[in-house]
Amino acid sequence: MRLRVVGPGRARLENGQDARARSFREAVLDGLAPGGGLYLPSAFPTLPAAEAAGWRGFPISEIAVRVLARLLGDEFDGARLEALTRDAFSFDAPLVPTADGISVLELFHGPTLAFKDFGARFLGRIFGALLAARGDHATILVATSGDTGSAVAQGFYGVPNLQVVVLYPAGKVSRFQEAQMATLGGNVRAVKVPGVFDDCQRLVKTAFCDESLASLHLSSANSINLGRLLPQSVYYFHALLSVPQGAAGPSTLPETIFSVPCGNLGNLTAGVIAQRMGLPAARFLAACNVNEVLPEFLRTGVYRARPSIATASNAMDVGNPSNFVRLAALHGDSLEAMRANLAGYRVDEAETRATIRDLYRRTGYVLDPHGAVGYAAALRYRAETGDDRPIVTLATAHPAKFGSVLREELGFEPALPAEYAGWESRPILAEALSDTRYETFREWLRG
Ligand SMILES: *Cc1c(COP(=O)(O)O)cnc(C)c1O
């Protein structure tokens with residue numbers, strides 16, 4: 001796979017400094033490109049729709065094996081890639097039709113009940129494989145306000161050659177999130193910081209620059225890592241293969257609209273990558289809450305980063321989405337091309353909550369606030385355009401993770417899946433720092 005760099009590091013690479021081509025391996029181990037840019041494949045292999053149509057009825061793990069072999073086949077030994085892909089795609093993503101004629105792709109059946117499990121589990125496994133091949137080890141440092149840390153902790157749990165250290169602000173993550181990070185043990189160490197998320201972030205950033213910690217081989221599992229992004233293309237193919245065949249017949253895939261709840265735009269970018277590989281996505285709906293940087297850009301042509309505003313769909317409260325430059329590059333940095341392929345929607349809190357209530361009253365289906373933003377965009381798109389092609393909307397989190405919002409809107413809290421029974425009683429193994437000074441954290445790390 002040939003890579004290019006988009007965003008801040010691009011000029012530097014084009015000027016010749018650090019201009020040697022980076023491989024996918026380096027992109028995974030480095031995370032960010034030199035100069036702060038983002039890696040992106042410079043071309044995509046195509047997957048003919050007629051070939052993909054032959055995979056109908058396959059479980060998602062089999063589709064993942066085939067899509068990722070096409071993308072990464074020249075980077076890894078085939079049997080090894082296949083084994084780690086199967087291991088990463090260990091849970092299903094069912095497509096559930098609602099009475100509105102819209103299908104909900106449930107991406108929340110992984111260990112942390114959110115779609116980030118797909119990217120985190122795959123990244124953990126390729127990271128481990130790359131280190132093992134070099135006879136190397138690394139310590140992944142993550143600062144979290146809750147969700148990213150739990151996805152990385154669960155995604156990297158048990159991977160050989162890797163230690164994970166997750167820092168979270170004491171008392172400021174939900175009990176469920178804390179249980180996901182701090183009850184694992186093994187290669188995952190959770191650290192409770194007596195401060196706020198920004199303190200955790202500062203400790204991690206300082207540690208990355210501290211040469212006295214070189215022997216730990218500190219690394220990050222950043223959300224912009226290409227190894228987290230590519231596996232997310234898989235479920236778009238999986239969704240299309242689950243859409244009823246219709247008149248098009250069994251040897252083709254139906255042209256489909258995808259509605260994607262957006263934050264840092266990784267999910268949407270992965271969808272466009274699938275489209276570049278041949279997925280017949282007719283259009284993407286970029287569904288944002290009031291943090292609507294992308295919809296505003298599509299309207300005005302002006303990119304305006306801003307402080308984020310807190311909403312019920314809090315994983316989408318992003319004021320400067322990190323994957324924007326990738327998304328633009330995939331459209332040749334053309335506003336016209338972006339407008340043709342992406343329709344922006346801003347869904348405010350009242351509409352999000354009304355969508356949760358109305359959908360439940362009409363159909364009995366329960367959506368979390370993130371999924372509801374995507375669903376609201378899908379309803380509006382259909383009403384505005386009359387487009388009668390299939391619509392798939394992505395549900396990114398299990399409703400039980402947002403019990404308090406659902407109690408307010410529906411009068412009850414959805415239950416967690418049965419396998420989570422008893423999570424409250426598992427012992428919290430987190431170690432607590434006595435204060436937020438860097439020296440304290442460094443001594444702990446050197447342990
Ligand atoms: C991270 C997240 C999003 C936003 O996804 P991006 O890839 O950052 O756009 C949406 N919903 C949930 C539940 C998330 O955790």
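Index from 1, following the sequence. Order of listing sets the numbers, starting from 1, for every ligand and every atom in it.
Side-chain contact between Val290 and Thr311 is present, with at least one heavy-atom pair separated by less than 4.5 Å. For the pair Arg189 and Val164, the minimum side-chain heavy-atom distance is 4.5 Å or more.
A donor-acceptor pair under 3.5 Å links the side-chain atoms of Gln177 to the main chain of Ser174, judged by distance alone. Listed for the Arg426 side chain is no donor-acceptor partner under 3.5 Å among the backbone atoms of Leu184. Under a 3.5 Å cut-off, the side chain of Glu349 and the backbone N or O of Ala312 do form a donor-acceptor pair.
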Which protein N or O atoms sit under 3.5 Å from any N or O of ligand 1? Give each pair with its distance.
{"residue": "ligand 1", "atom": "7 (O)", "partner": "Gly266", "partner atom": "N", "Å": "3.1"}
{"residue": "ligand 1", "atom": "7 (O)", "partner": "Asn267", "partner atom": "N", "Å": "2.9"}
{"residue": "ligand 1", "atom": "8 (O)", "partner": "Asn264", "partner atom": "N", "Å": "2.8"}
{"residue": "ligand 1", "atom": "9 (O)", "partner": "Gly263", "partner atom": "N", "Å": "2.7"}
{"residue": "ligand 1", "atom": "9 (O)", "partner": "Asn264", "partner atom": "N", "Å": "3.2"}
{"residue": "ligand 1", "atom": "9 (O)", "partner": "Leu265", "partner atom": "N", "Å": "2.8"}
{"residue": "ligand 1", "atom": "11 (N)", "partner": "Thr396", "partner atom": "OG1", "Å": "2.7"}
{"residue": "ligand 1", "atom": "15 (O)", "partner": "Lys116", "partner atom": "NZ", "Å": "2.5"}

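Salt bridge Asp387/Arg283: absent, no basic N to carboxylate O contact under 4.0 Å.
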